[in-house]
Number of protein chains: 2
Amino acid sequence: MDSTDSEAADPPRSPVVRGSHPLGPAALMDGVGAVAALGALAQEHRLALFRLLVQAGPDGMAAGAIAEALGVPNSSLSFHLAQLSRAGLISQERQHRSLIYRADYPAMNALVGYLLENCCGGAGCMPEAACGPADAALSRQRKSA
Amino acid sequence: MDSTDSEAADPPRSPVVRGSHPLGPAALMDGVGAVAALGALAQEHRLALFRLLVQAGPDGMAAGAIAEALGVPNSSLSFHLAQLSRAGLISQERQHRSLIYRADYPAMNALVGYLLENCCGGAGCMPEAACGPADAALSRQRKSA
DNA sequence: ACGTCATTTCGATAGTTTTCGAATTTATAT
DNA sequence: ATATAAATTCGAAAACTATCGAAATGACGT
């Protein structure tokens, strides 16, 4: 009752690609990566944080601004940023004295892709869509730097 | 400092629809439900379990068969089934002596929909798809029992 | 009623996550 | 150099999650 599967619940982790945290082309996702990404988003503050970064668009947001917006203490936020970062869902860049964080759209695409492929019966779940780095309605009004 | 958001990180949970665990029309998902669903899937065994149920299709699988397939002790599996059930991602039905579990496709659609809507820049992430209860490629080849 | 099979609940243990103040690091301005 | 600002790491407490054997529940056949 198996064999047709690629990965399931067994200890022997296969030597697949795995993590490309520092803003890489995370175009593909395996089960391990999916668990990491899901776990990173499975927390009230972190889901809100990620949503915020997605809304912020390509400009990203500084850590302090995020902490302010979410009403989370600075050190707690840092912890959550690290979690998302470790899962490859966000990227960091220094700008003057601030650290700017951005949502990693390819990584999110890969996660949704994994869910559609593996958890929706091999077909998919939603009507149709096309993803750029958040520009449809939100960042239309901002020029980016 | 905020206000433009619908839900973020504040304690006062809004009186939205929320959980309809026992196989309900979970067509819409809020942030709280999304965190629950993401958390339910953010675990090696549970992700494998859910995948298995998606592949099993509308026929579902008995708890024992699942435990066997995943190589997880019976009582551990029960715990994981309860987690997925609590998140509304699977449903249960008694059949003779066995309990049959099934993936709840509408719930999964709602989760993916939430991610596309809220975490992909308001546009979406994937090219195109259409979701029925897992029949496209997988259950095509199974006869069902 | 009794035995048996299928599953869940209980209870204890080990491990992981979340939280946040205090101390520290990194960068800039004077 | 020294001060100030922006974030991170450290450390320790509280809360949660995962694991699994043993006992309990529920359904069925005889």
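Chain naming here is simple, since letters A, B, ... match the order of the sequence lines and numbering starts at 1 in each. Bear in mind that the values here come from a model prediction, so they are computed numbers and not experimental data.
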**Message:** For nucleotides 17-30 of chain C, give me one character per nucleotide, 5' to 3': B if any protein heavy atom sits under 4.0 Å from the base, S if the only such contacts are to the sugar-phosphate, - if neither.
**Reply:** -BBBBB---SSSS-

Tell me: [atom1] of [X] to [atom2] of [N], nearest whole Å?
X: B:L81; N: D:dT19; atom1: CG; atom2: P; answer: 13 Å
X: B:M61; N: C:dT7; atom1: CE; atom2: P; answer: 11 Å
X: A:Q92; N: D:dA6; atom1: CD; atom2: P; answer: 17 Å
X: B:L84; N: C:dT7; atom1: CG; atom2: C1'; answer: 16 Å
X: B:E44; N: D:dT17; atom1: CD; atom2: P; answer: 18 Å
X: B:E93; N: C:dT8; atom1: CD; atom2: P; answer: 14 Å
X: B:N74; N: D:dG26; atom1: CG; atom2: P; answer: 17 Å

**Step-by-step side chain to side chain contact (heavy atoms under 4.5 Å, CB included) determination, B:L49 to B:M61** = CA-CA 10 Å; B:L49 163 41; B:M61 276 180 95; over 6 Å; no

Within the distance-only criterion (no hydrogens, no angle test), does the side chain of [X] pair as donor or acceptor with the backbone N or O of [Y] below 3.5 angstrom?
X: B:R102; Y: B:I90; value: no
X: B:Y114; Y: B:C119; value: no
X: B:R46; Y: B:A40; value: yes

**Asked** Taking only residues two or more places apart in sequence or in another chain, which ones pass side chain to side chain contact (heavy atoms under 4.5 Å, CB included) with B:L99?
**Response** B:Q92, B:R94, B:Y101

**Prompt:** How far does CG of B:D104 sit from CG of B:L53, to the nearest 0.5 angstrom?
**Reply:** 11.0 Å

**Prompt:** For A:Y101 and D:dA6, is the shortest distance between a side-chain N/O and OP1 or OP2 below 4.0 Å?
**Reply:** no

**Asked** Heavy atoms under 4.0 Å, any strand shown: does B:A62 hit a base, just sugar-phosphate, or nothing?
**Response** sugar-phosphate

**Prompt:** So what does A:S98 touch, heavy atoms closer than 4.0 Å: a base, only the sugar-phosphate, or nothing?
**Reply:** sugar-phosphate

